[in-house]
Trainee: 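I have a structure I would like to understand better, so I am pasting it below and will then ask my questions one at a time.
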Amino acid sequence: MILVTGDTHGNIDFNKIKLLSDKKILTMNDYLIIAGDFGAIWDKNTLDSDLSIYENLNFNILFVDGNHENYDLLYSYPTIEMFGAKMHKISDCIYHVLRGEIMSIDNKTFLCIGGAFSSDRRYRRLGSTYWMEEDITDEDIENAKRNLAKVNYEVDYVLTHCVDTLTTMRYLDFRVSNSTEKLLFIDEKVNYKHWYFGHHHIDKMIDDRKRCFYFDILKIE
């Protein structure tokens with residue numbers, strides 16, 4: 001089984017995950033995808049305890065990165081290949097999918113592009129509470145396009161943290177950025193069924209294909 005949800009921010013928004021785990025309907029053959037701001041990889045002094053609450057779940061975690069991640073720590077983990085995609089292996093049950101990679105799970109394909117601009121940067125400190133690596137780069141998009149070319153630009157799902165500029169402006173009334181701009185190519189060139197994202201701390205159906213997640217948890221059929 002594959003499920004998707006929004007930001008967890010370490011233990012701040014973990015309760016929705018705990019409630020799911022307490023139902024005991026999932027096993028270690030199942031995967032919950034977090035659409036950015038996983039947030040448990042933040043403080044190296046509390047890293048083990050922050051990760052332990054996820055490691056004690058009865059299912060696996062996959063996540064794309066958001067803008068609230070410690071990229072110095074995140075990029076220190078080993079890179080592996082799983083489900084046809086490059087990932088950072090955080091532990092035996094937690095994996096970070098790298099930007100522009102395409103996962104294939106249960107005959108479903110997922111284009112994954114993490115990253116987003118922190119609109120509250122003026123209140124944060126570079127290298128301590130935000131990192132320049134949070135922004136989506138040209139290299140991330142080029143990697144996505146290389147992988148998309150292998151599948152004729154067709155995937156079942158798109159998984160991101162932020163969403164494209166047009167969607168952000170029309171439906172979310174939120175600040176756009178270079179990162180949202182770089183995602184415009186998806187609607188222009190990619191044939192996909194659904195696009196799931198987080199970042200905005202709301203649960204909202206944008207249209208019949210795009211959906212913003214925060215507390216909601218959706219089973220992917």
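Please read these numbers as outputs of a predicted model, since none were measured by experiment.
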Trainee: Given the rule that I, L, V, M, F, W and Y join up when any side-chain heavy atoms are under 4.5 Å apart, are Met87 and Leu159 in one cluster?
Mentor: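 Per the 4.5 Å side-chain linkage, Met87 and Leu159 are co-clustered.
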
Trainee: For the pair Ser118 (side chain) and Asp120 (backbone), establish whether a donor and an acceptor sit closer than 3.5 Å, ignoring hydrogens and angles.
Mentor: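 Not confirmed, Ser118 side chain does not pair with Asp120 backbone.
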
Trainee: About how many Å separate CZ of Arg175 and OG1 of Thr165, when rounded to the nearest 0.5 Å?
Mentor: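 With rounding to 0.5 Å, OG1 (Thr165) is 12.0 Å from CZ (Arg175).
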
Trainee: Could you pull out the closest heavy-atom pair between Asp30 and Leu26, with the gap in Å?
Mentor: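 For Asp30 versus Leu26, the nearest heavy atoms are OD2-CA, 3.2 Å.
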
Trainee: Return yes if some donor-acceptor pair links the side-chain N/O of Asn70 with the main-chain N/O of Trp42 below 3.5 Å, else return no.
Mentor: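 Between the backbone of Trp42 and the side chain of Asn70 there is a qualifying donor-acceptor contact (under 3.5 Å).
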
Trainee: What pair of heavy atoms forms the shortest contact from Asp140 to Thr137, and how long is it?
Mentor: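 Shortest heavy-atom contact: OD2-N, 2.9 Å.
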
Trainee: Do NZ/NE/NH1/NH2 and the carboxylate oxygens of Lys204 and Asp173 come within less than 4.0 Å?
Mentor: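 Salt bridge flag = no for Asp173 with Lys204.
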
Trainee: Please indicate whether Lys108 has more than 12 foreign heavy atoms, meaning atoms of other residues, nucleotides or ligands, lying under 6.0 Å from its NZ.
Mentor: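 Yes, NZ of Lys108 has more than 12 neighbouring heavy atoms, counting only those of other groups under 6.0 Å.
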
Trainee: Using atom types as modelled and distance alone, determine if a side-chain donor or acceptor of Ser52 lies under 3.5 Å from a backbone N or O of Ser49.
Mentor: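 Looks like yes, one N/O pair under 3.5 Å.
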
Trainee: Is it true that Asp65 and Arg99 have a side-chain N and a carboxylate O under 4.0 angstrom from each other?
Mentor: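 Between Arg99 and Asp65 there is a salt bridge, with a charged N closer than 4.0 Å to a carboxylate O.
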
Trainee: Please evaluate residues Glu101 and Met82 with respect to the criterion side-chain contact (heavy atoms from CB on, under 4.5 Å), reporting the C-alpha separation (whole Å), side-chain torsions for both, the decisive distance (0.1 Å), and the verdict.
Mentor: CA-CA 11 Å; Glu101 294 295 305; Met82 188 169 77; over 6 Å; no

Trainee: Within a strict 4.5 Å, meaning less than it, do heavy atoms of the Tyr95 and Ile80 side chains meet?
Mentor: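 Contact flag for Tyr95/Ile80 side chains = yes.
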
Trainee: Would the His200 and Phe174 ring centres measure less than 6.0 Å apart?
Mentor: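 Yes, close enough.
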
Trainee: I need the Lys193 NZ to Tyr157 OH distance, nearest 0.5 Å.
Mentor: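 Interatomic distance, Lys193 NZ to Tyr157 OH, rounded to 0.5 Å: 7.0 Å.
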
Trainee: Hey, could you give me the CE/CZ distance between Met28 and Phe59, rounded to the nearest 0.5 Å?
Mentor: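 Here the rounded value is 9.0 Å.
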
Trainee: Same cluster for Tyr196 and Val155 if Ile/Leu/Val/Met/Phe/Trp/Tyr side chains link at under 4.5 Å?
Mentor: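 No.
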
Trainee: For Ser91 and Glu55, work out which heavy atoms get closest and say how close.
Mentor: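 Looking at all heavy atoms of both residues, the shortest contact is CB-OE2, 3.3 Å.
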
Trainee: With a 4.5 Å cut-off on side-chain heavy-atom distances among I, L, V, M, F, W and Y, is there a chain of contacts connecting Val4 to Tyr192?
Mentor: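 Shared cluster, no.
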
Trainee: Output the distance between atom CG (Asp13) and atom CG (Asn11), rounded to the nearest 0.5 Å.
Mentor: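 Output value for this atom pair is 9.5 Å.
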
Trainee: Once you measure the plane-to-plane angle for Phe197 and Trp195, does it fall in the parallel (<30°), tilted (30-60°) or perpendicular (>60°) bin?
Mentor: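 If you compare the ring of Phe197 with that of Trp195, the planes turn out perpendicular.
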
Trainee: In terms of hydrophobic clusters joined by side-chain contacts under 4.5 Å, are Leu51 and Leu32 together?
Mentor: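 Linked within one cluster.
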
Trainee: Strictly under 6.0 Å, is that where the ring centroids of Phe38 and Tyr54 end up?
Mentor: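 Yes, close enough.
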
Trainee: For residues Val64 and His161, report the shortest heavy-atom separation together with the two atoms involved.
Mentor: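 Closest approach of Val64 to His161, heavy atoms only: CG2-N, 4.3 Å.
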
Trainee: Are Lys145 and Ile141 side-chain neighbours, meaning at least one heavy-atom pair lies under 4.5 Å?
Mentor: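 Yes, side chains in contact.
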
Trainee: To the nearest 0.5 Å, what is the distance between CZ (Phe215) and CD1 (Ile17)?
Mentor: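 CD1 of Ile17 is found 11.0 Å from CZ of Phe215.
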
Trainee: Looking at side-chain heavy atoms only, is the closest gap between Leu111 and Asn147 below 4.5 Å?
Mentor: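 No, every pair of side-chain atoms sits at 4.5 Å or beyond.
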
Trainee: Are the charged groups of Arg121 and Glu134 less than 4.0 angstrom apart, N to O?
Mentor: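 Here Arg121 pairs with Glu134 in a salt bridge, since their nearest N and O are under 4.0 Å apart.
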
Trainee: Checking Tyr123 against Thr129 for the side-chain contact (heavy atoms from CB on, under 4.5 Å) test, could you report, in this order, the C-alpha distance in whole Å, the side-chain angles of both residues, the deciding distance, and whether it holds?
Mentor: CA-CA 9 Å; Tyr123 304 116; Thr129 51; over 6 Å; no

Trainee: Would the distance check show the side chain of Glu69 and the main-chain N or O of Gly66 forming a donor-acceptor pair, the cut-off being under 3.5 Å?
Mentor: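 Between the backbone of Gly66 and the side chain of Glu69 there is a qualifying donor-acceptor contact (under 3.5 Å).
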
Trainee: List the steps and the verdict of side-chain contact (heavy atoms from CB on, under 4.5 Å) for Asp135 and Asn178.
Mentor: CA-CA 8 Å; Asp135 293 309; Asn178 196 40; 5.8 Å; no

Trainee: Over all heavy atoms of both residues, which pair between Ile90 and Phe63 is shortest? Give the atoms and the distance, please.
Mentor: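 Between these two residues, the closest heavy atoms are CG1-CE2, 4.2 Å.
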
Trainee: Between Ile105, Leu62, Asn60, which is the residue that forms a side-chain contact (heavy atoms from CB on, under 4.5 Å) with Ile2?
Mentor: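 The single option meeting the side-chain contact (heavy atoms from CB on, under 4.5 Å) with Ile2 is Ile105.
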
Trainee: State, with a plain yes or no, whether a side-chain heavy atom of Val97 is found less than 4.5 Å away from one of Phe110.
Mentor: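 Heavy-atom side-chain distance check fails, nothing below 4.5 Å.
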
Trainee: Does the side chain of Ile41 come within less than 4.5 Å of His88's, by heavy atoms?
Mentor: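 No, too far: nothing below the 4.5 Å cut-off.
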
Trainee: How many angstroms lie between CZ in Arg125 and CH2 in Trp131, if you round to the nearest 0.5 Å?
Mentor: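 Answer for the CZ-CH2 pair, Arg125 versus Trp131, is 9.5 Å.
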
Trainee: With side chains defined as the heavy atoms from C-beta onward, is the minimum distance between Asp156 and His194 less than 4.5 Å?
Mentor: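 No - every pair of side-chain heavy atoms lies 4.5 Å or more apart.
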
Trainee: If you take all heavy atoms of Asp216 and Asp203, which pair is closest and at what distance?
Mentor: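 Scanning both residues, the minimum pair turns out to be N-OD1, 2.9 Å.
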
Trainee: When you compare the side chain of Leu74 with that of His96, does any pair of heavy atoms fall below 4.5 Å?
Mentor: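 Side-chain contact under 4.5 Å: yes.
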
Trainee: Assess whether side-chain contact (heavy atoms from CB on, under 4.5 Å) is satisfied between Val190 and Phe185, documenting all intermediate values.
Mentor: CA-CA 7 Å; Val190 181; Phe185 86 98; 4.1 Å; yes

Trainee: Relative to each other, are the rings of His9 and His68 parallel, tilted or perpendicular (30° and 60° limits)?
Mentor: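 Tilted.
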
Trainee: Would you check, one step at a time, whether the test salt bridge (charged side-chain N to carboxylate O under 4.0 Å, His left out) holds for Asp207 with Arg170?
Mentor: CA-CA 12 Å; Asp207 54 32; Arg170 290 175 181 172; over 6 Å; no

Trainee: Check for a donor-acceptor pair, side chain of Lys16 on one end and backbone N or O of Tyr214 on the other, with a separation under 3.5 Å.
Mentor: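 Looks like yes, one N/O pair under 3.5 Å.
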
Trainee: Are Ile102 and Leu98 linked, directly or through intermediate hydrophobic residues, by side-chain heavy-atom contacts shorter than 4.5 Å (ILVMFWY only)?
Mentor: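 Leu98 and Ile102: separate clusters.
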
Trainee: Under 4.5 Å between any side-chain heavy atoms of Met103 and Ile33, yes or no?
Mentor: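 Answer yes - side chains close enough.
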
